[in-house]
Amino acid sequence: MSTTVYIAVHGGAGYHGVPSEQNVKSALKRACAQALQHSSLHDSSAISVVEQAISILEDDEYLNAGYGSNLTIDGTVECDAAVMDGLSGDFGSVGALSGVKNPIQLASAVLRHSREPDSLGRIRPMTLVASGAHAFASSQGIQTVIPNEMVSPRAIREWQKWKSRLDHPTNGDQVSLPQDAMQD
Amino acid sequence: TVGAVAWDNEGNLAAGVSSGGLLLKYSGRIGEAAVYGAGCWAQQSLSKRDGMACSISGAGEHIVRSGLARILGEALQSPESDGGEVDIHQVLLQVFNQKFTEPLHQRGELMPNAGVVLLTKERGEDDEAVPRLWCAFTTESMAVAYASTRKPSPKVSILR
């Protein structure tokens, strides 16, 4: 059996313009390097490697996850994240989550929590959303933040641009968002 | 959206995905990154000689409707894979052509787009499992990077 650890990451399918290209590339390289380093020093399980890599990507403002996420119609950040274990088929995810610095770490905590039935013998949830997910984060000691700390200046500029067009369409045209804004 | 797939030193696979979702989305809306079978999938055989892990990005509502990550897993687990070779390139072409080349509703909707990073296990020399990395997308581009403890210097590319 090979003892090599392999990692591959992505920064999204969509439009990667030249201005941000170098920032995206350096974030992806940093994610690979730090996830492998973590695997050799701490936990080398595939789930842990995935969690580490995605945490680095979530912290980067040029990527649409965690800090720097696209903003909702209300100008807030609400994140989705999931992780799946190939060995056991276990899955954990969070949705429409606010106020948690690294949503992937909470998704991983949901996966671990759902492995065993609860004291009443019930299957535990594999997905938690919104305020329930946030409460679970606090109960698991996962870092929570003031929701606005997840909003990046860059995301605000994008939001202001398209929100004003939405609110004040010129010549009564239907506003069509750029394709990239229509993708997760 | 961002994502990762990994193969650890015990031969186990895992996949993950994380997303801020759509710009100006309704509060409370979730995309594929929160839904089982849609944004990521990982599976492996008991012998650990076969398996896949994938992470997906794209138009959330279409990806959730198609359960894209899971159907890729199921397509790659077809009977042919018991000893026969699955043509992974063909599977990706077929799934993407079937699911992501026509708008689901003809109301001038934007084309449904998706991209996937897929890590598979293949049979190498003396039947040992070796990794192979795939990327497929119908969008303009997809940003990917990969590395290993054997070749730790990451390779990165914005595929177009």
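Quick caveat, the model's predicted, so the values are computed rather than measured. Sequence lines set the chain letters: A, B, ... in the order given, protein chains first and strands last, and positions in each chain run from 1.
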> Side chain, backbone, both or neither: which part of Met150(A) has a heavy atom under 4.5 Å from chain B?
Replying inline: neither

> Run the side chain to side chain contact (heavy atoms under 4.5 Å, CB included) check on Trp159(A) and Leu24(B) step by step: do they pass?
Replying inline: CA-CA 7 Å; Trp159(A) 183 85; Leu24(B) 297 176; 3.4 Å; yes

> When you measure from the side chain of Thr72(A) to the backbone N and O of Tyr26(B), does any donor-acceptor pair fall under 3.5 Å?
Replying inline: no

>> Would you say that His10(A) contacts Thr1(B) through its side chain, given a criterion of any heavy-atom pair below 4.5 Å between the two side chains?
In response: yes

> Which residue out of Ser45(A), Ala130(A), Ala33(A) racks up the most heavy-atom pairs below 4.5 Å with chain B?
Replying inline: Ser45(A)

>> At a 4.5 Å cut-off on heavy atoms, which part of Thr76(A) comes close to chain B: side chain, backbone, both, or neither?
In response: neither

> Looking at CD of Glu78(A) and OG of Ser19(B), how far apart are the two atoms once the value is rounded to the nearest 0.5 Å?
Replying inline: 12.0 Å

>> Quick check against the 3.5 Å criterion: does Asp80(A) have a side-chain atom that pairs as donor or acceptor with the backbone of Gly31(B)?
In response: yes

> More than 12 heavy atoms of other residues, nucleotides or ligands under 6.0 Å from OH of Tyr146(B): is that the case?
Replying inline: no

> Asp8(B) side chain to Ala46(A) main-chain N or O, any donor-acceptor pair under 3.5 Å?
Replying inline: yes

> What part of Val24(A) gets closer than 4.5 Å to chain B, counting heavy atoms only: side chain, backbone, both or neither?
Replying inline: side chain

>> Between the side chains of Asp184(A) and Lys25(B), is the shortest nitrogen-to-carboxylate-oxygen separation below 4.0 Å, so that they form an ion pair?
In response: no

> Side chain, backbone, both or neither: which part of Leu133(B) has a heavy atom under 4.5 Å from chain A?
Replying inline: side chain

>> Strictly distance-based, threshold 3.5 Å: is any side-chain N or O of Ser57(B) a donor or acceptor partner for the main-chain N or O of Ala13(A)?
In response: yes

> Taking only residues two or more places apart in sequence or in another chain, which ones pass ring-ring contact (aromatic ring centres under 6.0 Å, His included) with Tyr62(A)?
Replying inline: none

